[in-house]
Undergrad: 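This is the structure I have questions about; it appears just below.
Atoms within a ligand are numbered from 1 in the order they appear, just like the ligands themselves. We're numbering straight along the sequence, starting at 1.
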Amino acid sequence: METVDPIRIGDHDIVDTDLDKNALDVITQLNEHGYDAYLVGGCVRDLLCGMQPKDFDVATSATPQEVKETFRRSRLVGRRFPIAHVRYGREIIEVSTFRKGEHDHLETNDQGLIVKDLAFGDMADDAFRRDFTVNALYYDINHHEIVDYVGGLQDIDARRLRFIGDPAERLAEDPVRYLRAIRFAAKLGFSIDDSILDHVEDTAERLDAIPSARLFDEFIKLFLSGYGEAAWRILRDTPVARSLFPSCNPTSELIVDAMHNTDERIAQDLPVTPGFLIAVLLWEDFSARNAEENPDDKPGPIFDLAMDTLAVQQQHITIPRRYSIFAREVWQLQPRLIARAPRNIRRLLGHKRFRAAFDFLSLRGAYDAELKSCADWWQQLQDAGEDEQQQMIGALGGGGKKRRRRRRGRRGQPRSPADGPLG
Ligand code: ATP
Ligand code: MG
């Protein structure tokens, strides 16, 4: 690559108090040992957009080994490209060595996918191997300057995501970059340049070749970073969504609502789980199977049909077992929450998935008055004191409100004679 002179900009809104003191310490120490070091990537981008960065990454001329020798509390991680983690109490600063992105240093397979990338380079190399122009900005803490090799500042001003280099090539190297574009567009409110959007079809196909476990990681970042609703709105009606979630209905409003709730929970620091989103994304597929093959909502078939729905999804994105079980349990509880069999109420309240299943029922209630009144009943029950709860359960009468069916023991588990109405 020919030498490229960056532009250096001192006129910007970043002030020292915005910067993480541990990241500053890393840079200062590297400088004292004679290495170049800069803040880079997401933190510079977010600061320029007036957002609080989630973490501060450092890029340096020191090799990983040299970084390790500079900091006692550090270790090297990563196989494809080692980076150093420098630890300050609970915080970890990621320090990566400038590396080359030129294609002759990458080992690609016959579809152009990167399989190995091991060459170190200089700062310009490092800038050009990054994905989006807005992700390739450096901050020089000694001169208080932004260092821009790729026109990233212009794109920040234009609020636009563009790849560095040829979009077709960059997506062939790593189609997950398309999902990253969606994530950053959602988070920053930026537009995705047409030169990227034009490749939606071939990207959808290429994503099939990406290990489904990496796609799960990206799924988490897309939908559990606080901007899931926006990300889903961008993604849902594209061939990429069909490739990732083939059985998901792109027009489902339930999904938008769930994404919205998840974002709000994240904003309030409440816990969120991918299991809930998986339950939502695959709900229509599961409930269509169930309506067709198990109109009586029998528990045995529900289990099997849930597994069928999940198995189809697993072929595209790995869902760790605990989350697929979570989704299945949420689905299994739906008919039981609706039926409200008096003898089951207390057990349901104590079920470890009760809260999630109740939240799910509440979401569904927005589109169905009967479900809404059922969800309201459960809400009232949870708010009620012991006596009032007893009254509410008593008022349900002998059977459930809906869908009475002959009481039978669960498979392999005979019904106990003590299972009376209020048992
Ligand atoms: P976030 O705020 O979500 O952490 P980020 O920009 O820091 O955003 P990371 O995934 O942490 O995103 O990656 C750090 C930097 O590494 C990016 O800014 C980008 O420069 C570079 N990078 C990450 N993934 C890729 C990729 N697949 N291809 C090229 N460059 C990448
Ligand atoms: Mg980051």
Undergrad: Can you pull out the closest protein heavy atom to atom 22 (N) of ligand 1? Residue, atom name and distance to 0.1 Å, please.
TA: R180 NH2, 3.5 Å
Undergrad: Give a yes or no answer on whether the side chain of T97 reaches the backbone of A62 with a donor-acceptor pair at less than 3.5 Å.
TA: yes
Undergrad: Can you tell which of D131, I164, V134 gets a heavy atom nearest to atom 31 (C) of ligand 1?
TA: D131
Undergrad: Any donor-acceptor pair under 3.5 Å linking the side chain of Q314 with the backbone of I319?
TA: yes
Undergrad: Can you name the atoms of ligand 1, numbered from 1 with element, that are less than 4.0 Å from a heavy atom of N135?
TA: 6 (O), 17 (C), 18 (O), 19 (C), 20 (O)
Undergrad: Counting non-hydrogen protein atoms only, what is the nearest one to atom 1 (P) of ligand 1? Give residue, atom name and distance.
TA: K54 NZ, 3.3 Å
Undergrad: Counting only N and O atoms by type, is there a donor-acceptor contact under 3.5 Å from the side chain of H144 to the main-chain atoms of D140?
TA: no
Undergrad: Tell me: protein heavy atom nearest atom 15 (C) of ligand 1, and distance?
TA: R130 NH1, 3.6 Å
Undergrad: Just go through R183, K187, R129, E218 and tell me whose heavy atom is the nearest to atom 3 (O) of ligand 1.
TA: R183
Undergrad: Pull out every atom of ligand 1 sitting under 4.0 Å from any heavy atom of R177, numbered as shown with elements.
TA: 26 (C), 27 (N), 28 (N), 29 (C)
Undergrad: With respect to R170, determine whether any N or O atom, backbone or side chain, lies less than 3.5 Å from an N or O atom of ligand 1.
TA: no
Undergrad: Can you name the atoms of ligand 1, numbered from 1 with element, that are less than 4.0 Å from a heavy atom of R45?
TA: 1 (P), 2 (O), 5 (P), 6 (O), 8 (O)
Undergrad: As a quick check of understanding, evaluate side chain to side chain donor-acceptor pair (under 3.5 Å) for Y227 and D263, giving each step before the final call.
TA: CA-CA 6 Å; Y227 308 91; D263 292 346; over 6 Å; no
Undergrad: What protein heavy atom sits nearest atom 27 (N) of ligand 1, and how far away is it?
TA: D174 OD2, 2.9 Å
Undergrad: Within the 4.5 Å heavy-atom criterion, are V147 and Y139 side-chain neighbours or not?
TA: no
Undergrad: Has H85 got a side-chain atom pairing as donor or acceptor with V77's backbone, closer than 3.5 angstrom?
TA: no
Undergrad: F163 vs F132 aromatic rings, parallel, tilted or perpendicular, using cut-offs 30° and 60°?
TA: parallel
Undergrad: Measure the distances from the heavy atoms of F132 to every atom of ligand 1 and state whether one is below 4.0 angstrom.
TA: no
Undergrad: Which residue holds the protein heavy atom closest to atom 14 (C) of ligand 1, what is that atom called, and what is the gap in Å?
TA: D57 OD2, 4.1 Å
Undergrad: Tell me if a side-chain donor or acceptor on R177 pairs with a main-chain N or O of R170 at a distance below 3.5 Å.
TA: yes
